[in-house]
Amino acid sequence: MPDARVRTRFAPSPTGALHFGSVRTALFAWLTARHAGGDFILRIEDTDQERYIPGSEALILETLSWLGLNWDEGPEVGGPHDPYIQSLRIATYREHAEKLVDGGHAYWCTCTPARLAAMREAQRARSEPTRYDRRCLTRQADVTQEREGGMAAVVRLRMPDGVSDWDDVVRGRVSFANSDIDDQVLLKSDGFPTYHLAVVVDDHLMEISHVIRSDEWIPSTPKHLALYAAFGWDVPRFAHVPAVLGPDHQKLSKRRGARNVLEYGELGYLPSAIVNCIALLGWSSGDEQEVFALEELCQRFTLERVNPAAAIFDPKRLDDLNGIHIRRMSTDELVEALEFHLPGTSKETRRMLVPMLRERMVTLADATRLCAPLLGEVKLDLSIEFPPKKVDQATAVAMIDACIEAVEEGALEDHDAMLERLRAVAERSGVKSRDAFRVLYIAILGTPAGLPVIEAMEFLGKEKTLQRLREARARLG
RNA sequence: GCCCGCAUCGUCUAGCGGUUAGGACACCACCCUUUCAAGGUGGUAACCGGGGUUCGACUCCCCGUGCGGGUACCA
């Protein structure tokens, strides 16, 4: 590569939403570009009309934007190689296919699907690799006539003899015997290119320096290499990143129920945590740091440190990282981020809530549950023991009475003093304060576990607090 | 069937001929503590098998096994 500029691309097909596997490939490509100060290109590979799912292109753009993976060239932003949508580039592929035919690197074929199927079946029966038998290559004059007569035809790559090999950035040397490789169809009978033609033509035209894609493409790389050679083009670097597997050890796929990444946003996961988590799926820094902001990843990420083995996505790890990323957010950021999960609350309200919430959320959605007793009424749950275990009736009464007295006297102003008073009551009763306090938690929050109770009382204010305490007192008889 | 890739705790991984095989998640225990969390400390837990190469293999080579992928006018 004479041109040193790093240019990577993410080239999804609009066949549905993005899942962790596809997003991770995008992330690795994006990071490679950003790390090198190069360009990241987004290209839509919609050469299969049958699999096209309307709306998925918008979904893809939205997902990448949400994660912060911006593109320098591509849909919406344009660029010097516009258009970045393959269905709009059909003429280009056709020209290139014809060029290949003229140069003897490809040929027209009119074999029917039925014939091809029978051929492959026979090959399999003979323990041979399944590949096109080049029947049409030996009867090109007839094929030309058939095409003129209106018969459906495709263009096939004439796979050269020899060996195909390359130095894969993540796997090292990979090689194939060309004799095992099929004469791939390059141009379909509907006039659309196949992936193989389109990807090579576009990657070259768009000056892609590093082809970063999932490892399912390894077996077709020899075809691409043959195409680069036939065109006389320089070959980019290839980096085949491993698959992401689900808990069932199967590759993540839409039809197996892999979640749309955007859904994680609705569930209260942060883009930064998702990015951090999937970066760690196959990549490691080399030292012991595992929590990264996006900017740090740009700095540290290199393809050379990508592990070639497939990885299983662990939702527990995402939870952990999400909590960490939440705790790293400023109060202002949380006030903003929580708007969706605490609907109807004002900024001021959220600002009061955030200090109580920060250490207690795994996802932002936890705020909804945690704050419910403060934003609405307490739910009386009779399945919750009251007074709780290890607390006798007299102690429970004493705790509540003391709390009522303290609140009436305005002790909510001073958390420490409040705490001391209540602690003293527990101590006099001979009950551990951790147990005695549960009485208050149930009274104020309706559950023995939740937001810190003194802070909660302050949030509720004197009136509501006293009301809840008295109701609880009444339950004790 | 044919071809390719991969292989360290349950999971994500470090390791790049000589290490008490390290870290993180999860799990367990303890500490801290106004509950729950968060935080702190400690613990359980791994080199797929067999052959080589070497003074010495988790590390290199071969075979096997397992898993994944490809084998389309899908990407």
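When the P atom is compared between B/rC60 and B/rC6, the two are found 11 Å apart, to the nearest whole Å. For the P atom pair drawn from B/rU53 and B/rA46, the interatomic distance equals 30 Å after rounding to whole Å. Spacing between B/rA21 and B/rA45 at atom C1', rounded to whole Å, works out to 13 Å. Spacing of C1' atoms, B/rG68 relative to B/rA29, comes out at 39 Å, to the nearest Å. B/rC3 sits 46 Å from B/rU44 when the P atoms are compared, rounded to a whole Å. Between the C1' atoms of B/rU34 and B/rU13, the separation comes to 39 Å (whole Å). Atom P of B/rC61 sits at a distance of 13 Å from the matching atom of B/rG5, rounded to the whole Å. One C1' atom belongs to B/rC28, the other to B/rU20, and the distance between them is 23 Å to the nearest Å.
A/Asp366 places its CG atom 11 Å from the P atom of B/rA38, with the value rounded to the nearest Å. Look at CG on A/Leu225: it is 20 Å from P on B/rG70, rounded to the nearest Å. Whole-Å rounding puts the A/Gln289 CD to B/rG23 C1' distance at 13 Å. Nucleotide B/rC25 holds its C1' atom 17 Å from the CD1 atom of A/Ile278, rounded to whole Å. The CD-P distance, from A/Glu290 to B/rG22, rounds to 15 Å in whole Å. Rounded to whole angstrom, the span from the CD1 atom of A/Ile324 across to the P atom of B/rA38 amounts to 10 Å. To the nearest angstrom, C1' of B/rU13 lies 14 Å from CG of A/Asn276. Atom CZ in A/Arg317 sits about 14 Å away from atom P in B/rG23, given to the nearest Å.
Looking only at distances, no side-chain donor or acceptor of A/Lys379 sits under 3.5 Å from a matching main-chain atom of A/Pro373.
Relative to the six-membered ring of A/Tyr264, A/Arg259 meets both conditions, a distance below 6.0 Å and an angle of at most 45° to the axis. A cation-pi geometry, defined here as NZ or CZ lying under 6.0 Å from the six-membered ring centre and within 45° of its normal, holds between A/Arg156 and A/Tyr132.
Across all strands shown, the partner of B/rA7 is B/rU65, judged by Watson-Crick or G-U wobble contacts whose two distances both fall under 3.5 Å. Judged by Watson-Crick or G-U wobble contacts below 3.5 Å, the nucleotide B/rU71 has B/rG1 as its partner. Pairing partner, B/rA21: none, since no Watson-Crick or wobble contact has both distances short of 3.5 Å. Base pairing of B/rA46 is not made with any nucleotide, judged by Watson-Crick or G-U wobble geometry with both donor-acceptor distances under 3.5 Å.
Backbone-only engagement by A/Glu288 is indicated by non-hydrogen atom pairs under 4.0 Å involving sugar-phosphate atoms exclusively. Within the 4.0 angstrom heavy-atom criterion, no nucleotide atom of any strand lies near A/Arg421.
Ionic pairing of A/Arg94 and A/Glu98 is present here: one or more N-O contacts between side-chain nitrogen and carboxylate oxygen are shorter than 4.0 angstrom. Here A/Asp202 does not pair with A/Arg9 in a salt bridge; the nearest charged N to carboxylate O distance is not below 4.0 Å. Using a cutoff of 4.0 Å between basic side-chain nitrogens and carboxylate oxygens, A/Glu471 and A/Arg475 are not scored as salt-bridged.
Each of A/Lys223 and A/Arg124 was assigned the nucleotide of RNA chain B with the nearest heavy atom; the assignment lying further toward the 5' end belongs to A/Arg124. Where A/Pro452 and A/Leu281 meet RNA chain B, the nucleotide closest to each residue was compared, and A/Leu281 sits on the side nearer the 5' end.
A sub-4.0 Å separation between OP1 or OP2 of B/rC2 and a side-chain N or O of A/Gln123 is absent. Proximity of A/Arg305 to the phosphate of B/rU13: no side-chain N or O atom is located under 4.0 Å from OP1 or OP2. The side chain of A/Arg213 contributes no N or O atom lying less than 4.0 Å from OP1 or OP2 of B/rA75. The shortest distance between the side-chain N/O atoms of A/Thr47 and the OP1/OP2 oxygens of B/rA75 is below 4.0 Å. An OP1 or OP2 oxygen of B/rA75 is reached within less than 4.0 angstrom by a side-chain nitrogen or oxygen of A/Lys188. Taking 4.0 angstrom as the limit, A/Thr194 places none of its side-chain polar atoms (N or O) nearer than this to OP1 or OP2 of B/rC73. Phosphate contact (OP1/OP2 of B/rG39, side-chain N/O of A/Arg327, threshold under 4.0 Å): present. Phosphate contact (OP1/OP2 of B/rA14, side-chain N/O of A/Asn307, threshold under 4.0 Å): present.
For B/rU35, the base has no donor-acceptor partner in the side chain of A/Arg438 [N/O atoms by modelled type, under 3.5 angstrom].
None of A/Ile326, A/Val354, A/Thr368, A/Leu353 except one satisfies the side-chain contact (heavy atoms from CB on, under 4.5 Å) rule with A/Leu338; the exception is A/Val354.
Not counting sequence neighbours, the partners of A/Asp168 by the side chain to side chain contact (heavy atoms under 4.5 Å, CB included) test are A/Trp166, A/Val170, A/Arg171, A/Val174, A/Phe238, A/His240.
The side chain of A/Arg120 has B/rA72 as its nearest neighbour among B/rU34, B/rA72, B/rG68. Distances from the side chain of A/Arg423 to the nucleotides B/rU33, B/rC73, B/rC3 place B/rU33 closest. Taking only side-chain atoms of A/Pro219, from C-beta outward, the nucleotide of B/rA26, B/rG70, B/rA7 with the closest atom is B/rG70. With B/rU71, B/rC6, B/rG23 as the choices, the nucleotide that has an atom nearest any side-chain atom of A/Pro308 turns out to be B/rC6. Comparing B/rG5, B/rA72, B/rA38 by their nearest atom to the side chain of A/Val174 picks out B/rG5.
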